[in-house]
Amino acid sequence: MTEVVESRHFIQQMIDADIESGKWGAPGDRTVVTTRFPPEPNGYLHLGHTKAIILCCGIAREYGGKFNLRFDDTNPAKEEQEYVDSIKGDLEWLGATWDGDVKFASDYFEQMYQWAIELIEKGLAYVDDQTVDEIRAGRGNLKDGGKLSPFRDRSVEENLDLSAKMKAGAFENGTKVLRAKIDMNSPNMNMRDPLMYRIVNAPHHRTGSEWHIYPMYDWAHGLEDSIEGVTHSLCTLEFEDHRPLYDWFINAINQGRNDDEKIHHPQQTEFSRLFLSYTNMSKRFMRELVEENHVHGWDDPRMITVAGFRRRGYTPESFWKLADDVGITKFNAMVDFSRLENMVRDDLNARAPRRMAVLDPIKLIITNWADGGDEDRVEVMEAANHPKDESFGTRTINFAKELWIEREDFMIDPPKKFFRLGLGREVRLRCGYWAKCHDYKTDDAGNVTEVHCTYDPLTKGGNNPPADEEGKVRKVKGTIHWVNVNDAVDAEVRLFDRLYMAERPGKKTGDHIDDINPDSLKIITNAKIEPALLDVAGEPKWDDGIRRFQFERTGYFCEDSDSAAEKRVFNRTASLRDSWAKQSK
RNA sequence: GGGGGAAUGGUGUAAUUGGUAGCACGAGGGUUUCUGAUACCCUUAGUUCGGGUUCAAGUCCCGGUUCCCCUACCA
């Protein structure tokens, strides 16, 4: 037996070392570890965010530290309360509980402004009157350095005066900015006198009209982390180039301060984003899908938003499993969509109670039903709710002369390897009886409408018949699901396929809309479900209130939010693995 | 002709930091089975390339290749 050693990714290794060295507090004190998830409240959370959330929350949990949820609300033009609410809801659903109150960058505006004044006083920041275009041109490009702004050497007094007026709303949008005085020739574009504040005369969702200047990301982010005592500021790879600036701003504030007056300096560390095949995490793309009605909203089950996955029936656990599966590295990996699908299957297999439902019904008639007694009789069968876990209990289902079975479980002229119904073939009707086909009917178009079978009274409950006198037991290869015609309930079932046909949507033509799969949604209106699906009582409770099942042989389903007593609606979360479909291709 | 990152089976990810290249998923095959599901077993295939140091290199050194990110008053 080799012992399985839990491997630690590079961020965990770094934190382990920090704790040992006492970088953030007393050596060995793990509880100092503080992380944060800093969403901008301008859109819905998607799968990519879940990776960051789970990393940050998971780290804090592992070390017994703190995890903050902080809204980075530094851009009043795009932000709305609606998004704040949806993001909080998504985190709660994911089980990523944050410590303390929800934080907002806007709570720190005054402090950040005071620090900006300090930089001006130190000669490290200046007000620039150039236009957007002039600033852009002055920045230079990747090969050539930039030009110094003509306003770069304003006096401290003038800069102070101008900043105060900017803050008070004396100027129009775009007429002035506050910039850090760093290096216009830096090979790192972010260091070429980056903007700290711009004028935005617009109301903010929390501070109203109090502010007329708003901080830029690079200026604000590290300070927000510092104020909150964040030790490990984890972000994605594209911010690697920003780290020197992150550090520069904090060092600039600390410049000239005594050690005991220095502000906290968090460690920014970058990891790779999550890329999933056949999807795109671009906020803009998602917005287009919604606004151009390619989907039915942000929570459309085909969307890779947290809301979409939730409605599709995915469990929070499947996201944690996926995060664990893909790991944390600095390599931009493309993860196959089927991997995520496997995670839900795995989770749902263990936790979903079983039911029977027929998606594409044809009628099966037991022609010798009268042999066993009254032709109109109903026999009550007991069925296990889970094949491997008795704690799920049992339910009863009614068996009678007429049943619904799946259209694809009958073939007029089946190949040898087909283990279901066909003339002369016998199958087990799950938890019912064995049935042997001797006839069928079709409509004018040749579609099968009825399958006629005889049943074997010795197989009640679906059990094998007794052995013959030579000790041999008759076997049957296939087992199919069914629903009793008399008490079947009509339901709507929604089947989903991937939204895009291309592995990287939009790669070919530049427009992701060109890669949309026209058949990503299939609505079945005449599915037949067993009546036990109506009864909520006795189900294992799902923490998020969503009812999830496995419909035997057809997949995992959840009851949609559109579902009502008059019309039940189920979404297919994922199909079951189907080696027959693979083989018959 | 700039800067910052990254390359390990088909995919994702490990390797006690110089010491047997392992795990998971997939794929192929088999066993079990009242779900062609699940479970279980077997097989498959890998260190970006070229040099160098060393008893020993995925790991260290030199050089090359490929890919990603950076020129918003977005984050």
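These figures come from a predicted structure and were not determined experimentally. Numbers restart at 1 for each chain; the letters A, B, ... are given by sequence-line order, proteins then strands. The analysis underlying the following values was restricted to heavy atoms, covering all of them including side chains, and did not include hydrogens, waters or symmetry mates.
Here B:A72 presents its P atom at 15 Å from CZ of A:Arg198, a figure rounded to the nearest Å. Between A:Asn141 atom CG and B:C70 atom P the separation is 15 Å, expressed in whole Å.
At a threshold of 4.0 Å, the pair A:Glu406-A:Arg420 does not count as salt-bridged, since none of the basic side-chain nitrogens sits closer than that to a carboxylate oxygen. Here A:Asp193 pairs with A:Arg152 in a salt bridge; the nearest charged N to carboxylate O distance falls below 4.0 Å.
Nucleotide B:U13 is matched to B:G22 when pairs are restricted to Watson-Crick or G-U wobble geometry with both distances under 3.5 angstrom. Nucleotide B:C67 forms a Watson-Crick or G-U wobble pair with B:G5, both donor-acceptor distances falling under 3.5 Å.
Side-chain to base pairing of A:Arg354 with B:U35: one donor and one acceptor N or O lie within less than 3.5 Å of each other.
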Could you go over nucleotides 15-21 of chain B and give all protein N or O partners under 3.5 Å, atom names and distances?
from, atom 1, to, atom 2, distance (Å)
B:U17, O4, A:Gln13, OE1, 2.7

Protein within reach of the bases, or only the backbone? For nucleotides 1-10 of chain B, mark each nucleotide 5' to 3' as B, S or -, using heavy atoms under 4.0 Å.
-BBSSS----
Protein heavy-atom contacts under 4.0 Å, written 5' to 3' over nucleotides 27-32 of chain B as B (base), S (sugar-phosphate only) or - (none), form the string SS----
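Dashed line: the shortest gap from a side-chain N or O of A:Thr74 to OP1 or OP2 of B:A75 is under 4.0 Å.
Cation-pi geometry between A:Arg70 and A:Phe104 is not met: the NZ or CZ atom fails to fall both under 6.0 Å from the ring centre and inside 45° of the normal. Within the cation-pi definition used here (under 6.0 Å to the ring centroid, within 45° of the axis), A:Lys167 qualifies as a partner of A:Tyr113. Under a cutoff of 6.0 Å and an axis angle of 45°, A:Arg498 and A:Tyr278 form a cation-pi pair.
When heavy atoms are screened at a 4.0 angstrom cut-off, A:Glu270 is found touching no nucleic acid atom at all. Note on A:Ser277: nothing from the nucleic acid sits closer than 4.0 angstrom, heavy atoms only.
Here B:A72 is the nucleotide among B:A39, B:A72, B:A75 with the atom lying nearest to any side-chain atom of A:Arg139.
Aromatic ring orientation, A:Tyr314 versus A:Phe319: tilted (interplanar angle from 30° to 60°).
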May I have the step-by-step check of side chain to side chain donor-acceptor pair (under 3.5 Å) for A:Thr396 and A:Glu382, ending in yes or no?
CA-CA 4 Å; A:Thr396 56; A:Glu382 191 174 34; over 6 Å; no
